[in-house]
Amino acid sequence: MLDARSVRDNPEKIKEALAKRNYQLDLGPFLELEKERLALVKDADELREKRNRVSEEISRLKKEKKDAAPLIGEMKGVSARIKELEDGLRAVEQKARDFLLLLPNIPDGSVPGGRDEAGNVEIRKWGTPREFDFEPLNHWDIGEMQGIMDFERAAKIAGARFSLMKGAGARLERALMNFMLDLNTRKGYTEVFPPILVNPESMTGTGQLPKFEAELFKTADPDFYLIPTAEVPVTNIHRGEILEEERLPVYYTAYTPCFRREAGSYGKDTRGLIRQHQFNKVELVKFVRPEDSYGEHERLTGDAEDILQRLGLPYRVVVLCTGDLGFSAAKTYDLEVWLPGQNKYREISSCSNFEDFQARRADIRFRRTGRKGTEFVHTLNGSGLAIGRTLVAILENYQQKDGSVVIPEALRPYMGMEKIG
RNA sequence: GGAGGGGUGGCCGAGCGGUUUAAGGCGACGGUCUUGAAAAUCGUUGCAGGGUUACACCCUGCCGAGAGUUCGAAUCUCUCCCCCUCCGCCA
């Protein structure tokens with residue numbers, strides 16, 4: 001959420017910044033609401049001051065056994081008026097907040113301009129895609145051939161976009177979770193295992209609600225949302241809190257299942273594990289001081305890259321342009337891993353700096369040592385990494401001519417085998 | 001699911017319609033004292049919105065959340081949320 005005051009004071013600046021992300025904005029209604037709100041606050045405050053003053057007077061008169069009836073009569077009218085103003089104020093505040101909740105974050109100055117994903121810019125590459133002396137297979141072909149994936153039965157049990165992993169496939173899924181969590185915790189991230197059903201306040205705090213309800217799964221009775229990423233419960237750990245400066249930075253890593261409707265992606269990645277309604281992911285989340293957030297963003301991205309490097313998976317880093325940036329993010333690097341089965345790079349991690357956008361929604365602040373007042377923290381997060389897509393990358397990059405798959409060195413202690421098949 | 005108890009400032013804990021501008025204690029910070037520390041003592045001690053786009057000053061709101069009664073609510077009423085204890089059930 002953007003700051004009401006800065007929107008109010010610099011409407012043209014805000015408009016310009018959001019235009020870069022193809023966001024047409026009419027701030028007129030909001031500015032009207034703010035004007036109305038400030039007038040109501042002023043009137044209500046003045047009347048409440050009067051009520052407080054006269055109430056004391058009434059108290060004094062009664063104690064002195066004098067007649068307070070005329071004052072009480074007058075105050076009836078004042079109280080009624082205050083109530084009217086408060087009702088109006090509540091309504092106006094709600095409308096102003098509703099407006100702000102639908103505005104996306106402002107891109108950082110270092111983000112390249114662009115209309116859509118074609119405008120994204122490659123920053124660097126790591127590793128060299130392997131030369132195959134045979135035609136590399138898709139991961140789903142490898143999976144079915146090795147008997148470690150069963151999409152048909154997954155569809156019977158749940159439906160399309162679900163998977164059933166078996167034997168070494170299930171083991172690989174678990175090995176990756178443990179490998180990543182162990183690596184992340186060694187770097188100072190605290191492991192957490194949060195709820196995967198959350199309330200609407202949490203979804204609003206990180207920016208999924210109110211705008212993206214259609215992308216979420218929801219339970220019927222009682223009402224909960226299934227998390228689309230661990231970012232939601234983990235960022236909301238500190239919702240409504242004021243942290244002491246010396247506690248910062250706070251780093252968390254969490255494994256969770258993630259659930260996405262994938263509405264509007266019909267026909268995309270219909271086969272295989274790439275796009276599922278349910279998938280596993282290990283996430284990295286940081287709470288930092290504002291002046292540190294861009295350095296922390298680089299380091300967080302580096303931590304995610306480290307995982308790919310240790311697994312020997314070629315990848316590239318792409319900075320998202322203004323038009324492709326997610327709703328809540330000020331800047332995002334995508335990590336794209338090389339998939340021989342598709343002969344292209346595919347997203348495996350998304351590392352974002354949200355600056356104070358989520359912190360303002362979720363009211364996560366900190367107090368500087370020795371200073372009065374509070375400031376919003378900056379929040380960041382990134383996949384470290386998406387488990388299913390990492391599994392896909394391993395199968396496709398480490399496949400052998402005979403259909404077997406070599407397990408990357410770093411993973412062998414977790415897999416208890418050197419090879420699948 | 002049933003029956004009780006409870007949510008007050010960083011923490012503990014009083015208050016149960018108008019000397020509460022929330023007692024008192026602890027902690028923290030600052031001063032005095034001390035060679036230094038401790039002890040003692042004095043003072044300060046939140047967040048947010050607005051008045052001025054100054055943390056000097058003034059006003060307002062905030063005692064789990066919301067609504068109500070009243071001239072006046074931390075205090076009374078209602079609804080909801082959360083926590084604790086016991087019973088039942090259960091992974």
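Each chain gets a letter, A, B and so on, in the order the sequences are listed, and its residues count up from 1. This one's a predicted model, so the numbers in the text were calculated from it and none came from an experiment.
- A salt bridge (charged side-chain N to carboxylate O under 4.0 Å, His left out) check over residues 11-21 of chain A, counting only residues at least two apart or in different chains, returns nothing.
- Nearest-nucleotide mapping onto RNA chain B: of A/R90 and A/R48, the residue sitting toward the 5' end is A/R48.
- The residue A/R367 sits close only to the backbone: its heavy atoms come under 4.0 Å of sugar-phosphate atoms, none of a base.
- As rounded to whole Å, 12 Å separates atom P of B/rC29 from atom CD of A/E244.
- Every stem involving RNA chain B, taken as at least 3 paired positions in a row under the Watson-Crick or G-U wobble test at 3.5 Å, is listed here: B:1-7 with B:81-87, B:10-12 with B:24-26, B:27-32 with B:40-45, B:46-51 with B:57-62, B:64-68 with B:76-80.
- The side chain of A/K83 contributes an N or O atom lying less than 4.0 Å from OP1 or OP2 of B/rG68.
- Nucleotides B/rC63 and B/rU52, compared at atom C1', are 31 Å apart to the nearest Å.
- Ring-plane geometry between A/H238 and A/Y252 is classed as parallel, the angle between the planes falling under 30 degrees on a 0 to 90 degree scale with a further cut at 60.
- Near RNA chain B, meaning a heavy atom under 4.0 Å from it, residues 5-16 of chain A has A/R5, A/R8 in order of number.
- Between B/rU21 and B/rG72, the two C1' atoms lie 16 Å apart (nearest whole Å).
- Side-chain atoms of A/D45 and base atoms of B/rG49 include a donor and an acceptor less than 3.5 Å apart.
- Listed by first and then second residue, the ring-ring contact (aromatic ring centres under 6.0 Å, His included) pairs that reach into residues 195-221 of chain A are A/F212-A/F327, A/F217-A/H277, sequence neighbours excluded.
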#### Entry: Sequence-aligned protein contact record of nucleotides 71-80 of chain B, with B where the base is within under 4.0 Å of a protein heavy atom and S where only the sugar-phosphate is
BS--------
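- Across B/rG30 and B/rG46, the matching P atoms stand 15 Å from one another, rounded to whole Å.
- B/rG64 and B/rG4: their P atoms are spaced 22 Å apart (whole Å).
- Side-chain contact annotation: A/K281 with A/T229, donor-acceptor N/O pair under 3.5 Å present.
- For B/rU60, one of the phosphate oxygens OP1 or OP2 lies less than 4.0 angstrom from a side-chain nitrogen or oxygen of A/N52.
- Look at the P atom in both B/rC80 and B/rG24: the space between them is 38 Å, to the nearest Å.
- The nearest whole Å value for the distance from the CG atom in A/D3 to the C1' atom in B/rG49 is 12 Å.
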Scan the side chains in residues 346-353 of chain A for donor-acceptor partners under 3.5 Å anywhere in the protein, sequence neighbours excluded, and list what turns up.
from	atom 1	to	atom 2	distance (Å)
A/R346	NH1	A/D269	OD1	3.1
A/R346	NH1	A/Q342	OE1	3.0
A/R346	NH2	A/D269	OD2	3.1
A/S349	OG	A/S383	O	2.7
A/S350	OG	A/D334	OD1	2.8
A/S352	OG	A/T332	OG1	2.7
A/N353	OD1	A/E355	N	2.8
A/N353	ND2	A/S293	OG	3.0

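- Using modelled atom types, one finds no donor on one side chain facing an acceptor on the other under 3.5 Å when comparing A/Y225 with A/N199.
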